Amino acid sequence: MSYAAYKMMHWPTGIDYCAAGFITHSPAEAAAFSSLEPSISCPEGDVDSAAPRAAQRVGPTPNLVVVAANVLEVYAVRTDAVMGAQDGGPSSTAAILDGISGARLELVCYYRLHGNIESMAVLSDGTDNTRDSIALAFKDAKIACLEFDDSINGLRTSSMHCFEGPDWLHLKRGRESFACGPIIKADPQGRCGAALFYGLQMIILKAAQVGQSLVGEDEPTRMLSSAAVRIDSSYVIDLRHLEMNHIKDFTFVHGYIEPVLVILHEQEPTWAGRISSKNQTCMISAFSISMSLKQHPMIWSSAKLPHDAYQLLAVPPPISGILVICANSIHYHSQSTSCSLTLNSFSSQPDGSPETLKTSFHVELDAAKATWLSHDIVMFSSKNGEILLLTVVYDGRAVQRLDLMKSKASILSLGATTLGSSFFFLGSRLADSLLVQFSFGVPTSVLPDLTDEKISFVVRDALINVGPLKDFAYGLRTNSDPNAAGIAKQSNYELVCCSGHGKNGTLSALQQSIRPDLITEVELPSCTGIWTVYYKSSRGITTEDNEYHAYLIISLESRTMVLQTGDDLGEVTETVDYNVQASTIAAGNLFGRRRVIQVYAKGARVLDGSFMTQELNFTMHSSESSLSSEPVAAASASIADPYVLLKMVDGTVRLLVGDHSNCTISINAPTVFASSSQRISSCTLYCDRGPEPWLRKARTDAWLSSGIGEATDSNDGFSHDQSDIYCIICFESGKLGIFEVPSFKCVFSVEGFVSGSAILSDDLSHAKDAVIGVPDATTVSVKKEEANNIKIVELAMHRWSGQFSCPFLFGLLNDGTLLCYHAYCYDGSESNAHRAPLSPNGSSDLDNASDSRLRSLRFHRVSIDISSRDDISSFTRPRITIFNNVGGYEGLFLGGPRPTWVFVCRQRFRVHPQLCDGPIVAFTVLHNVNCCRGLIYVTSQGFLKICQLPSAYNYDNYWPVQKVPLHGTPHQVTYYAEQSLYPLIVSVPVVRPLNQVLSSMADQELGLHIENDFTVGDDLQKVYTVDEFEVRIMELEKPSGCWETRFTIPMQQFENALTVRIVTLQNTTTKENETLMAIGTAYVQGEDVAARGRVLLFSFSKSENSQNLVTEVYSKESKGAVSAVASLQGHLLIASGPKITLNKWTGAELTAVAFYDAPLHVVSLNIVKNFILFGDIHKSIYFLSWKEQGSQLSLLAKDFGSLECFATEFLIDGSTLSLVVSDSDKNLQIFYYAPKMVESWKGQKLLSRAEFHVGAHVSKLLRIQMLPTQGLVSEKTNRFALVFGTLDGGIGCIAPVDELTFRRLQSLQRKLVDAVPHVCGLNPRSFRHFKSNGKAHRPGPDNIIDFELLSHYEMLSLGEQLDIAQQIGTTRSQIISNFSDFLLGTSFL
């Protein structure tokens, strides 16, 4: 393998930073919206008065901005207000707080950046009608400011600031590496921001003057567009000139006319061993920043703060001032007053200071995260996951004292932010992040100074996190199929991961593909489609949500079967009036589920239950050809109550119109398309329904249409919902049009929909160049031909549930691409002036018609990672099936050669393939007695399967995940295949009395002295937390899907289990192989006691009913910690301390046969045949071989550089062997052994094959065999890829690629660096350069391609894709098939 590819498969989920800001709307817009909202959504008057009161108590809620490594996400908080008394009865399960019954986070936009975000601040000027901007800081010295742009419904970079390169080298003062990355903070009034770079360089970012905001016409239908805060200019302050050495934190304070920056810094450093003589070393200094003069006079300062101060909190007005947070105390300082609070007995007071207040309980606040819930209450999330509330007691003139009280227990969080007046968000890298609603209870006492307020909390939503992935094992699922082969076999496996920490530790089972739980299956050859329909007789009206399906209609090649879906499936084909002699094209419900319509090629039937009430035959319309009325066959149909849209074989459309009063339908041929010569390639109906149909907002005459709609819809008494029906048609020229039904008036049209441009907007109402995305006539004919062959074969548009949800539009191309668009409203009113000259000459009617068009409707393209890439023109069946409730989820199912589930969770797509059954020809949902919220699908092999989604998994994640709480930290996991067991190391924190801990740690004679010293005083009553280790053997129970602990092996006191592995040893006495579990441990007893460890071997019992699952067969102490074990050709390889020994197993004893001295401490061992690769904690990797005849371990080669290894593994590509190592600087390197090369010093030195910056700590590498793909059948079959897990919760793979593919994709990658607009202006090439962090490093070859960048290729428009492919001398289809082959080869789970 000379070439490799890097691909992320599961993006980071551990949240590093979170912040609140009005990004997508200003506070004024939010306030107007929340007061409007309840009155829209309920027609009754009495409810109307109660709802706005609740909304005002909650107040406008800002957006939540979240950062996970290099992923930036912006969410909106959506609340469900309680509507009147009829809902809020005892039936509702959710707790109601402040008139809110629930809240959730909905995704607004997300971006994967080419760089890790080091710090984030929200620039806000605090006024009501401007929006906030996001300021992000990146490694070394880059800042990017982003603001929300309504016209593209996403973030746009408003300014970029870079202080790197030769001009700014003097800022580094000769240093290469810095302890912490850049930190950025913002002034609360939005006048400036400040960023700290290179340790001591403060950069002041001056904000632009607000006032030139673009305000459109004042219309009630549309919120005013509001300007966002922008950065104007910047300058640098060198803090060395202010005599500062070590800056710990800085922040802006409230209540001054000019911005005031307070800096917490340490004058002379101290350390733990010198605290008795030198402890008050920190001080704070306040500087007034005058940006016009570029001066910064100090206005006040305060010295002698504890050495463990680490954080500053600016107190909001009217109190103002600053809180200094230390590990053992909290101090309040302002220009005039100061007070402090002692948290435990470790805090030290300066001599002669007044006595300070103490808390009633003992707490340590180091590494706490804080956010202000109100102007005087700050909430801390402490290092052990407790929530503490600190009240600043203020009497109107000065701060009297600080009060701290304990509240609930929560997660171990890494960031906290308050969202508006009633929510806060806890972001975490170690647990699921939580959205919590809080409410201040009524104060119980009347006296103002007794803060007896009770705060109640309700968790409203959680964002899943599977990080940090310390280790994982690759094992079989419970519902795996032993007969599967090829790619279907991959979905037999799942990754079982150690994630989380402490009380938030979990075992996470992750799967890439979905394998539904089978209820029953029958053989059913040559099926072409299946549908389930409801039957509601006019008498028994049940609730629509929980109604069972009545019939299952199965269409075969020349006939139709009908089954009843009662208690069991029974065929009723003979007794019903369905047309069973022909195959069905579509079936569905009409007239509010009172009738069923069946469409077949020659006609349609309307049925009431099993009786036919009407039959229609399709003929040519008599006006077109009076000579003959020969029948025309229907090709496809789309049903939206009460209309059915038919596409005929000859490319025309017909509309069946239903009449509610007598439940009949009539046929109608729209005349609009009769004259036009364009053929229709696909069409669909979209039903825009709800209390307020969404597309009406996009009209210019929205106030007209709302009144009419209510009047016409009032005759159907059973539904409050109004519904507008639209018809979406795509022509073969690539033009897309949206038409009103039944009048077929065009309300939206866009040329070149096929090309997949980033934004779609109405052609008539926007002056824009008409040739965008249409290939130019002068280009080469090959390219033109390829562009013309691409057609839209299927369309779908749907709006899923949720008051704020917007419709999605899908278009399936005949090469397998799924175009996906999300609708939004944007009224670019300035384009009205250009509209008149655009309309063609002489057609004034077009100009008048444009008033009723959906002029402010826009669509923006959403990326969707779907892997099916095959020419599907032969596959005529409709493939997109939309479902509203399968196992509680909604979304769509894409059938065909590579079936895929697309779940819609929080208005974002979660794409999960389904590989286990091969191609799927038909799919539908089923909800009845035996199969609750299930599904039916038919495979291409001719099996009909009735299934349910596995309920244990959560699908709102990049991969489906099941999390099992362990209430301890998992460290390492391995898989025992014969009995499907997972042994894992877990450490549980246990609180012990201090004297017990001390006496057992020290040696015996030392223990006597301790007893004498400590008998006086209360120190013996102190407690100390120690981690107690155990090895749990867990199993996934077959039927239930629950994880059970089968057996627990406790470790001794102070013994840490470091490794657990399943090893195969050859018993030298019986000459048989035995499979044993090996555990390596270490005793941790402080630096005074020599390190020791143990090797333990356990055998698994073969019989099912034995008492013990495992029995100990061997245990021996060793000098040094046993950090890694592995089996090598029947021998046991043990790394204990700095020595590696090879042992043979006699059945009762381990006897050493060979050894090798490692440099310091072995962190990982890997074995292939008789080769050994090990990584050292500081000295990089070593490559050894084991020779049986001389029984010796000999060094083949090593890497001469110094490297702090995290994980190592072999990469195998046919007959070439490479060595992969990941390090502490978030890089990955690939080495190879070439003794014949001159530069390898006669084979002593490992040579670099490739190097790459991952941007996350890779903690585990796992070798998995790749699948042979169609394009590479002749290639090597012995190919292995490496799946890796990172501490951010990401999973990816490094896989070998052949040279031809590599060269092609590498040249594409170089083109894409310039062709793709990068968010925040970050360069992907510089991000992927090896980062040596100041250490000497010789750059290696650039032999890895980055699929993170290549994935942008498919998001370009078709014209750009063809251009780039032509420039690098290949074709688009060749590139896409390379992508597809790589994706198939790495679908491991």
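Along the sequence shown, residues are numbered consecutively beginning with 1. This one's a predicted model, so the numbers in the text were calculated from it and none came from an experiment.
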Distance flag, aromatic centroids of Phe457 and Phe424, threshold under 6.0 Å: yes

Is it possible for you to check whether Arg908 lies under 6.0 Å from the centre of the six-membered ring of Tyr110, through NZ or CZ, and within 45° of that ring's axis? yes

Does Lys1226 pair with Asp1288 as a salt bridge, N-O distance under 4.0 Å? no

For the rings on Phe1029 and His971, is their centre-to-centre separation under 6.0 Å? yes

Would a distance-only check, ignoring hydrogens and angles, find a side-chain to backbone donor-acceptor pair under 3.5 Å from Asp187 to Gly193? no

Would the number of heavy atoms belonging to other residues, nucleotides or ligands and lying under 6.0 Å from OH of Tyr1024 be above 12? no

Would you call Asp1225 and Lys1331 a salt bridge, taking side-chain N to carboxylate O under 4.0 Å as the test? no

Salt-bridge test for Glu118 and Lys142: reply yes if a basic N is under 4.0 Å from a carboxylate O, no otherwise. no

From OG (Ser345) to CG (Asn328), nearest 0.5 Å: 8.0 Å

Relative to the ring of His331, is the ring of His333 parallel (under 30°), tilted (30 to 60°) or perpendicular (over 60°)? parallel

Using a strict threshold of under 4.0 Å (side-chain N to carboxylate O), is an ion pair present between Glu386 and Lys408? no

Rounded to the nearest 0.5 Å, what separates atom CZ in Arg1032 from atom CG in Leu966? 5.5 Å

At what distance, to the nearest 0.5 angstrom, does CG of Leu426 lie from CG of Leu414? 11.0 Å

May I ask you to check if Arg910 and Tyr958 form a cation-pi contact, with NZ or CZ under 6.0 angstrom from the six-membered ring centre and within 45° of the axis? yes

Nearest 0.5 angstrom please: Ile143 CD1 to Leu136 CG, how far? 10.0 Å

If you draw the axis of the six-membered ring of Phe250, does the NZ or CZ of Lys185 fall within 45° of it and under 6.0 Å from the ring centre? yes

Ring centroid separation His114 to Phe1327 under 6.0 Å: no

Say you draw a straight line from OG1 of Thr359 to CG of Leu402; how long is it, rounded to the nearest 0.5 Å? 11.5 Å

At what distance, to the nearest 0.5 angstrom, does CD1 of Ile455 lie from CZ of Phe438? 7.0 Å

